[in-house]
Structure formats: C-alpha cells, structure tokens
Amino acid sequence: MSVTTTTHLNLRGTAREALDFYRSVFGGRTVVVTYKDAGAVQNESEADWVMWGEVASDNGFHVMAYDVPSQLPWNQGDNPFFVSVRGDDAEEITALWGKLAEGSTIVRPLEPAQWAPLYGMLTDRFGVTWVLDITAPYNG
C-alpha cells in the first residue's frame, strides 16, 4: 500500500479558472465536476461552480480544487498553506516559475538560498502562495 498527499484548494467561484491556469503552467489533464453535473445545485448562480476538480500531469504534479458554496463559511485566510513544488532540474523549475509569476506577487525571487540551490515564493492571482525550489546541486 502507498499513500500520497495532494494539495486541495478551497476557493469561491474561481476554481475552474485556477485549475485551467495551473494546467497551463504544469501541463497534464484537468477533470472538473460541477454542482450541476453532480445534481447538487443549491444555488442556481453556482450551478457551474466546481464541486470536484483536479489537474494531474505525468511529471507528478497534482492539485485539487473546489468552489466552496455560498451557504458554507469560507475565508481565504492569511497564509493558511503553501503549495510546494520541488524538482531536481533548475531549468524546469525556472520555467515553471516564469509561468506562475505572470500576474503574481513575488514574495521572494527565485534565487539561491542557504537551504536550497534555487528557492522562490510567490502569491498568484487566486491568493495561493507557491514555493518552488530545486533539491539537486545547482550549477548555474
């Protein structure tokens, strides 16, 4: 038996847009089930919101997201989590950083750090804070 963990993003009305954006950065496939698809519509204006969604790619990237319906409490919070993307190829991490950085707020630029050959942190337009780093020696 094996166990894996996957970041699950709780958004309000922007889950599909977020999943599409992350697929454009990391590749892979997107699967979305709306409240309408599941026969679980409680508010007609939210029928096309994501009840369950994910992006999964062959390189191991996987993130899930859904839209918290208006009848449930939701607060994006302050730093409730970070999504960490770790790799061993500086070119790949740098390319992903470049795509994620579009429209994002850079918290810490992607550069060498005391604990990693490359490390950077940004908050994207959905309020999700991403940490990207490489784990192999950097020869750049």
Side-chain angles (χ1 to χ4, degrees):
M1 181 171 107
S2 66
V3 175
T4 61
T5 60
T6 300
T7 301
H8 191 285
L9 308 174
N10 300 331
L11 303 167
R12 179 154 281 159
T14 60
R16 183 184 302 270
E17 183 183 355
L19 290 168
D20 288 345
F21 174 64
Y22 300 140
R23 184 189 43 75
S24 77
V25 172
F26 295 98
R29 62 172 172 72
T30 303
V31 178
V32 170
V33 176
T34 65
Y35 286 96
K36 181 172 42 180
D37 295 336
V41 176
Q42 294 186 25
N43 180 333
E44 281 302 319
S45 68
E46 300 170 1
D48 291 323
W49 281 15
V50 176
M51 183 174 164
W52 183 90
E54 72 175 357
V55 173
S57 67
D58 291 340
N59 68 4
F61 177 81
H62 188 207
V63 67
M64 298 174 71
Y66 97 115
D67 289 310
V68 178
S70 60
Q71 74 269 14
L72 295 178
W74 178 78
N75 181 337
Q76 191 171 11
D78 294 321
N79 297 322
F81 64 89
F82 296 146
V83 179
S84 178
V85 177
R86 307 190 83 197
D88 59 5
D89 183 289
E91 271 187 50
E92 180 180 22
I93 292 298
T94 300
L96 293 172
W97 174 269
K99 292 177 184 178
L100 274 175
E102 292 179 24
S104 296
T105 301
I106 306 301
V107 177
R108 181 185 170 116
L110 185 66
E111 60 189 12
Q114 290 176 333
W115 57 91
L118 274 181
Y119 174 90
M121 180 185 291
L122 58 81
T123 301
D124 71 20
R125 65 182 183 255
F126 305 104
V128 177
T129 300
W130 294 80
V131 175
L132 279 75
D133 67 345
I134 60 170
T135 57
Y138 177 58
N139 298 321

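Every heavy atom of this structure was used, including side-chain atoms; hydrogens, water molecules and symmetry mates were not.
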Validation row: [X], [Y] side chains within 4.5 angstrom (heavy atoms):
X	Y	result
Asn43	Pro69	no
Val83	Val131	no
Thr30	Arg16	no
Val68	Leu11	no
Tyr119	Arg108	yes
Trp49	Arg12	yes
Leu9	Val63	yes

Would you compute the distance between atom [atom1] of [X] and atom [atom2] of [Y] and round it to the nearest 0.5 angstrom?
X	Y	atom1	atom2	answer
Asp88	Ile134	CG	CD1	8.5 Å
Leu118	Glu111	CG	CD	9.0 Å
Met64	Asn10	CE	CG	10.5 Å
Asp89	Thr94	CG	OG1	8.5 Å
His62	Thr6	NE2	OG1	4.5 Å
Trp52	Tyr66	CH2	OH	14.5 Å

For side chain to side chain donor-acceptor pair (under 3.5 Å), just list the numbers for Tyr22 and Asp124, CA-CA rounded to whole Å, side-chain angles, deciding distance to a tenth of an Å, and then say yes or no. CA-CA 10 Å; Tyr22 300 140; Asp124 71 20; 2.4 Å; yes
Would you find more than 12 non-hydrogen atoms of other residues, nucleotides or ligands less than 6.0 Å from Glu44 atom CD? no
Do other residues, nucleotides or ligands put more than 12 heavy atoms under 6.0 Å from the CD atom of Glu91? no
Working note: Glu54 + Arg29, criterion side chain to side chain contact (heavy atoms under 4.5 Å, CB included); need CA distance, chi angles, decisive distance, verdict. CA-CA 8 Å; Glu54 72 175 357; Arg29 62 172 172 72; 3.1 Å; yes
Glu17: salt bridge (Lys or Arg N to Asp or Glu O under 4.0 Å) partners, not counting sequence neighbours: Arg125
Sequence neighbours left out, what passes salt bridge (Lys or Arg N to Asp or Glu O under 4.0 Å) with Glu46? Give chain and number order. none
So, for Phe26 and Trp130, is the gap between ring centers shorter than 6.0 Å? yes
Would Met121 and Thr129 satisfy side chain to side chain contact (heavy atoms under 4.5 Å, CB included), going step by step from the backbone distance to the final call? CA-CA 7 Å; Met121 180 185 291; Thr129 300; 3.6 Å; yes
I'd like to know whether Thr123 forms a side chain to side chain donor-acceptor pair (under 3.5 Å) with Thr105, so could you lay out the CA-CA distance, the side-chain angles of the two residues, the decisive distance to 0.1 Å, and finally the verdict. CA-CA 5 Å; Thr123 301; Thr105 301; over 6 Å; no
Please collect all ring-ring contact (aromatic ring centres under 6.0 Å, His included) contacts where either partner lies in residues 85-108, sequence neighbours excluded, each pair once. none
Identify whether the distance between the nearest side-chain nitrogen and carboxylate oxygen of Asp133 and Arg86 falls below 4.0 Å. yes
